[in-house]
Amino acid sequence: QLRTALTRREFSLHYQPIMELASSRIVGFEALMRWRNREGTRLRPDLFIPAAEDCGLIPQFTEYALECATREIPRLIAFCPGVFVSINLASSDLHSERTIDLLRKLLQTPGIKPENIVVEATEHSFLDPQRAGLIVAGIRALGIRVAIDDFGTGYCGLSHLTNLETDFLKIDKVFVEAAGTESATGQVARWTDDGASGVTGTMMSCHTRSEMNGVSGASRRVRTSSVS
């Protein structure tokens with residue numbers, strides 16, 4: 001079914017705004033894969049992405065997403081000059097040099113510059129920092145920034161950051177919900193401020209205005225927030 005859906009081009013990218021907390025301005029967008037089948041039913045990505053991984057279809061999904069990005073990102077940048085677009089990669093993408101080739105091809109698109117692209121992968125993708133580090137280094141050599149998504153979910157710790165050259169941490173939502181409180185999870189912004197000295201910025205995913213207010217007061221290092 002997934003192979004047929006790819007052939008029919010039933011998948012599309014939806015762009016979720018990323019806001020700078022200090023100014024409340026949009027500084028970027030996260031490209032999120034969505035599936036609406038021929039019957040008009042919307043299927044959740046937390047179901048079809050793991051299925052694609054199980055079927056070995058992630059390379060096709062990544063190539064499909066980047067093909068969409070090639071067509072759509074120049075229009076987005078023209079509409080909002082100076083923004084970046086964050087593109088999600090799977091664990092297997094960080095184990096394949098093909099990923100670097102696909103991103104290099106993306107940068108050949110008129111209107112797209114390296115500073116317009118951020119790629120992100122979940123913390124699980126960095127369990128083998130030596131292997132992932134080679135691909136990350138290749139991506140960053142293109143001028144593309146790299147983010148670790150869902151940081152704090154328990155797969156790896158700050159010690160892994162000493163072996164990886166990355167640009168952003170995206171803090172897991174469990175910490176966002178407690179931001180600004182005295183709970184253990186509420187202190188995560190201060191924790192990353194002290195420990196992630198090699199990372200240039202921190203992002204959190206907020207779904208409500210109250211969450212954004214809590215995050216903005218939690219730490220000076222938390223610079224941006226994706227809002228759905």
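Note that the structure is predicted; figures quoted are calculated from it, not measured.
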Between the side chain of Ser125 and the main-chain N/O of Ala121, is any donor-acceptor distance below 3.5 Å?
-> no
In Å and rounded to the nearest 0.5 Å, what is the CG to CG distance from Leu66 to Asp101?
-> 11.5 Å
Has the side chain of Asp167 got a donor or acceptor atom that lies under 3.5 Å from a matching backbone atom of Val146?
-> yes
Glu10 side, atom CD; Gln1 side, atom CD - distance, nearest 0.5 Å | 8.0 Å
Heavy-atom nearest pair, Val85 first then Ala31, reads CG1-CB, 4.1 Å
OG/Ser24 to CE/Met19 distance, rounded to the nearest 0.5 angstrom?
-> 4.5 Å
Between CD1 of Ile49 and CE of Met33, what distance do you get to the nearest 0.5 Å?
-> 6.0 Å
Return yes if some donor-acceptor pair links the side-chain N/O of Ser96 with the main-chain N/O of Ser92 below 3.5 Å, else return no.
-> no
Using atom types as modelled and distance alone, determine if a side-chain donor or acceptor of Thr99 lies under 3.5 Å from a backbone N or O of Asp93.
-> yes
Could you walk me through whether Ile18 and Ile26 pass the side-chain contact (heavy atoms from CB on, under 4.5 Å) check?
-> CA-CA 6 Å; Ile18 298 173; Ile26 294 175; over 6 Å; no
Short side-chain to backbone donor-acceptor contact, Thr41 and Asn37, under 3.5 Å = no
Say you draw a straight line from CD of Glu115 to CG of Leu107; how long is it, rounded to the nearest 0.5 Å?
-> 9.5 Å
What closest approach, in Å, do Leu2 and Ala52 show between heavy atoms, and which atom pair accounts for it?
-> CD1-N, 3.6 Å
Not counting sequence neighbours, which residues clear side-chain contact (heavy atoms from CB on, under 4.5 Å) with Arg34? List them please.
-> Ser12, His14, Leu32, Pro45
Locate the shortest heavy-atom distance separating Asn116 from Gly111; write the atom from each residue and the value.
-> OD1-O, 3.9 Å
From Ile112 CD1 over to Ile73 CD1, what is the distance, rounded to the nearest 0.5 angstrom?
-> 5.0 Å
Looking at Phe11 versus Phe61, is the centre-to-centre ring distance below 6.0 Å?
-> yes
Pair Thr62-Leu89, side-chain contact (heavy atoms from CB on, under 4.5 Å): steps then yes or no = CA-CA 7 Å; Thr62 299; Leu89 299 179; 4.2 Å; yes
Any donor-acceptor N/O pair, Arg9 side chain to Ala5 backbone, under 3.5 Å = no
Ser23-Glu20 side chain donor-acceptor pair, cut-off 3.5 Å | yes
For residues Asn88 and Glu30, is any side-chain donor paired with an opposing acceptor at under 3.5 Å?
-> yes
If you draw the axis of the six-membered ring of Phe168, does the NZ or CZ of Arg145 fall within 45° of it and under 6.0 Å from the ring centre?
-> no
